[in-house]
Number of protein chains: 2
Amino acid sequence: MNYIDIALKILKDNGYKQTKPRQKVLEILDKSNESLSAYEISDKSGKKLDVVTVYRVLETLEQNNLIHKVVSTGKYRKCYISEKSNLNKCHHNIICKNCGYIEEINCEGMNIIEKVISSNSSFKIENHVLEFYGLCQNCKLD
Amino acid sequence: MNYIDIALKILKDNGYKQTKPRQKVLEILDKSNESLSAYEISDKSGKKLDVVTVYRVLETLEQNNLIHKVVSTGKYRKCYISEKSNLNKCHHNIICKNCGYIEEINCEGMNIIEKVISSNSSFKIENHVLEFYGLCQNCKLD
DNA sequence: CTCGCTGCAAAAAATTTGCACATTG
DNA sequence: CAATGTGCAAATTTTTTGCAGCGAG
């Protein structure tokens, strides 16, 4: 099952309706290799989706862990989901500074880092944001 | 020498003028335990500083590595600087979800993580953003 | 005295809200 | 048909730009 179908199923399971705007936003994000803003998504829909609707759809999708906000830009990117569970996966991205291409990565070491930080500070750490920036395979060759 | 004096000296050394707005913004950020937006800084100045000026001062301070933008909120926080060098220090923050208190931390492990990611992906990684969220000592007791 | 910096006005961009109507289940 | 979700209008918030005048060096 592909990203869109899984996402729609999760929405349904969580009591959300499967509407055309939601499906359309998922399709646009699924196709894109880079993160997109609400306005960019509205544009890519041929303006069929109002920006306000896009904002609200994005909020819903994010709450259900179906998409991920790139914190340095505020734009959105689909993220890995599976039929079994989409709960609290630790999402990290590498973002190409040149073309915007984003790849989701697996970063096992962070739980260790969190433990080290926890014991070196007086904080109780609950979560973190981590984004890497650089050049993707194509752009580093130029 | 304290934060403000060092910062002003660095500005001077880099060819920037030492102006009252710059000094005032530095003072406000120095006093604050949490990150502040341009509007909050303007307010804390008793509206003596125009928001536009604050935006421009913040931009200058950031370019000189004297302050640091909290990427998840867009607000600014002073960061560690020394008379000798303020170049490209790797800044990481722990941010209290409850009260907003921010502490700058030293996070040695990240260069190792960057190397691991580099070798596991096709990207040439240049930098990263890392922020931790949790509860500070005071707030975790409540 | 000169160049860089600030303040004011205004524009542009990003995000949120209210409400009537449409759509899903 | 009942509850959610959408579209439009409008308000709010955030950030940027232009330009005249001020002030640091």
Side-chain angles (χ1 to χ4, degrees), chain A residues 4-5 7-29 32 34-64 66-77 100, chain B residues 4-5 7-29 32 34-64 66-77 100:
Chain A
I4 298 168
D5 292 335
L8 288 172
K9 182 179 183 311
I10 290 173
L11 283 179
K12 193 179 174 187
D13 291 348
N14 292 349
Y16 294 87
K17 291 179 180 174
Q18 291 186 199
T19 66
K20 279 175 192 169
R22 285 174 182 162
Q23 178 153 358
K24 188 73 190 164
V25 169
L26 285 167
E27 280 170 17
I28 291 170
L29 285 173
S32 177
E34 54 191 317
S35 58
L36 299 173
S37 70
Y39 273 91
E40 288 166 341
I41 292 170
S42 175
D43 287 349
K44 279 182 189 287
S45 79
K47 309 262 189 189
K48 281 173 197 154
L49 298 180
D50 191 283
V51 193
V52 176
T53 301
V54 176
Y55 271 107
R56 291 194 269 226
V57 168
L58 289 172
E59 195 185 356
T60 302
L61 298 180
E62 192 182 27
Q63 283 166 356
N64 286 274
L66 305 175
I67 61 173
H68 181 235
K69 188 180 204 164
V70 176
V71 77
S72 57
T73 59
K75 299 186 179 191
Y76 289 87
R77 176 90 172 105
Chain B
I4 298 168
D5 292 334
L8 288 172
K9 181 178 183 314
I10 290 172
L11 283 179
K12 193 180 175 186
D13 291 349
N14 292 349
Y16 293 88
K17 292 181 180 172
Q18 293 186 198
T19 66
K20 281 175 190 168
R22 285 174 182 162
Q23 177 153 357
K24 188 73 190 165
V25 170
L26 286 168
E27 281 170 17
I28 290 170
L29 285 173
S32 177
E34 54 191 318
S35 58
L36 299 172
S37 70
Y39 272 92
E40 288 165 340
I41 292 171
S42 175
D43 286 348
K44 278 182 190 288
S45 79
K47 310 261 189 189
K48 280 172 197 155
L49 299 180
D50 192 282
V51 194
V52 176
T53 301
V54 176
Y55 270 106
R56 291 194 269 224
V57 168
L58 289 173
E59 195 185 356
T60 302
L61 298 180
E62 191 181 28
Q63 282 166 358
N64 287 275
L66 304 176
I67 61 174
H68 181 236
K69 189 179 202 166
V70 176
V71 77
S72 57
T73 59
K75 300 186 179 190
Y76 289 87
R77 176 90 171 104

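Quick note on labels: first sequence line is chain A, next is B, and so on, each numbered from 1.
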Task: Donor-acceptor pair (no angle test) under 3.5 Å: Arg56(A) side chain, dG7(D) base - done: yes
Task: Any residue of residues 15-23 of chain B with a heavy atom less than 4.0 Å from an atom of DNA chain C - done: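 Going residue by residue through residues 15-23 of chain B, the ones with a heavy atom under 4.0 Å of DNA chain C turn out to be Tyr16(B), Lys17(B), Thr19(B), Pro21(B), Arg22(B).
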- [ ] Please tell me which of Ser37(B) and Val57(A) maps to the more 5' nucleotide of DNA chain D, matching each residue to the nucleotide holding its nearest heavy atom.
- [x] Val57(A)
Task: Gly74(B) vs Lys12(B), nearer the 5' end of DNA chain D by closest nucleotide - done: Gly74(B)
Are [X] and [Y] side-chain neighbours, meaning at least one heavy-atom pair lies under 4.5 Å?
X	Y	answer
Lys24(B)	Glu27(B)	yes
Leu11(A)	Leu66(A)	yes
Leu58(A)	Ile41(A)	yes

Nearest-Å distance for atom pair [atom1]/[atom2], residues [X] and [N]:
X	N	atom1	atom2	result
Tyr76(A)	dT15(C)	OH	C1'	10 Å
Asp50(B)	dA20(D)	CG	C1'	14 Å
Glu40(A)	dA14(C)	CD	P	9 Å
Asp13(A)	dG25(C)	CG	C1'	14 Å
Leu49(B)	dC8(C)	CG	C1'	14 Å
Lys48(B)	dC22(D)	NZ	P	20 Å
Tyr55(B)	dA11(C)	OH	P	18 Å
Leu58(B)	dT14(D)	CG	P	14 Å

Open item on the list: Salt bridge or not between Lys75(B) and Glu40(B)? Use side-chain N to carboxylate O under 4.0 Å.
Closed with: yes
Task: Pair Lys9(A) + Asp5(A), salt bridge at N-O below 4.0 Å - done: no
Task: N/O donor-acceptor pair under 3.5 Å between Asp50(A) side chain and Val52(A) backbone - done: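 Side chain of Asp50(A) to backbone of Val52(A), a donor-acceptor pair under 3.5 Å: yes, one is there.
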Open item on the list: Taking Ser32(A)'s backbone N and O only, do any of them form a donor-acceptor pair with Arg77(A)'s side chain (distance below 3.5 Å, no angle check)?
Closed with: yes
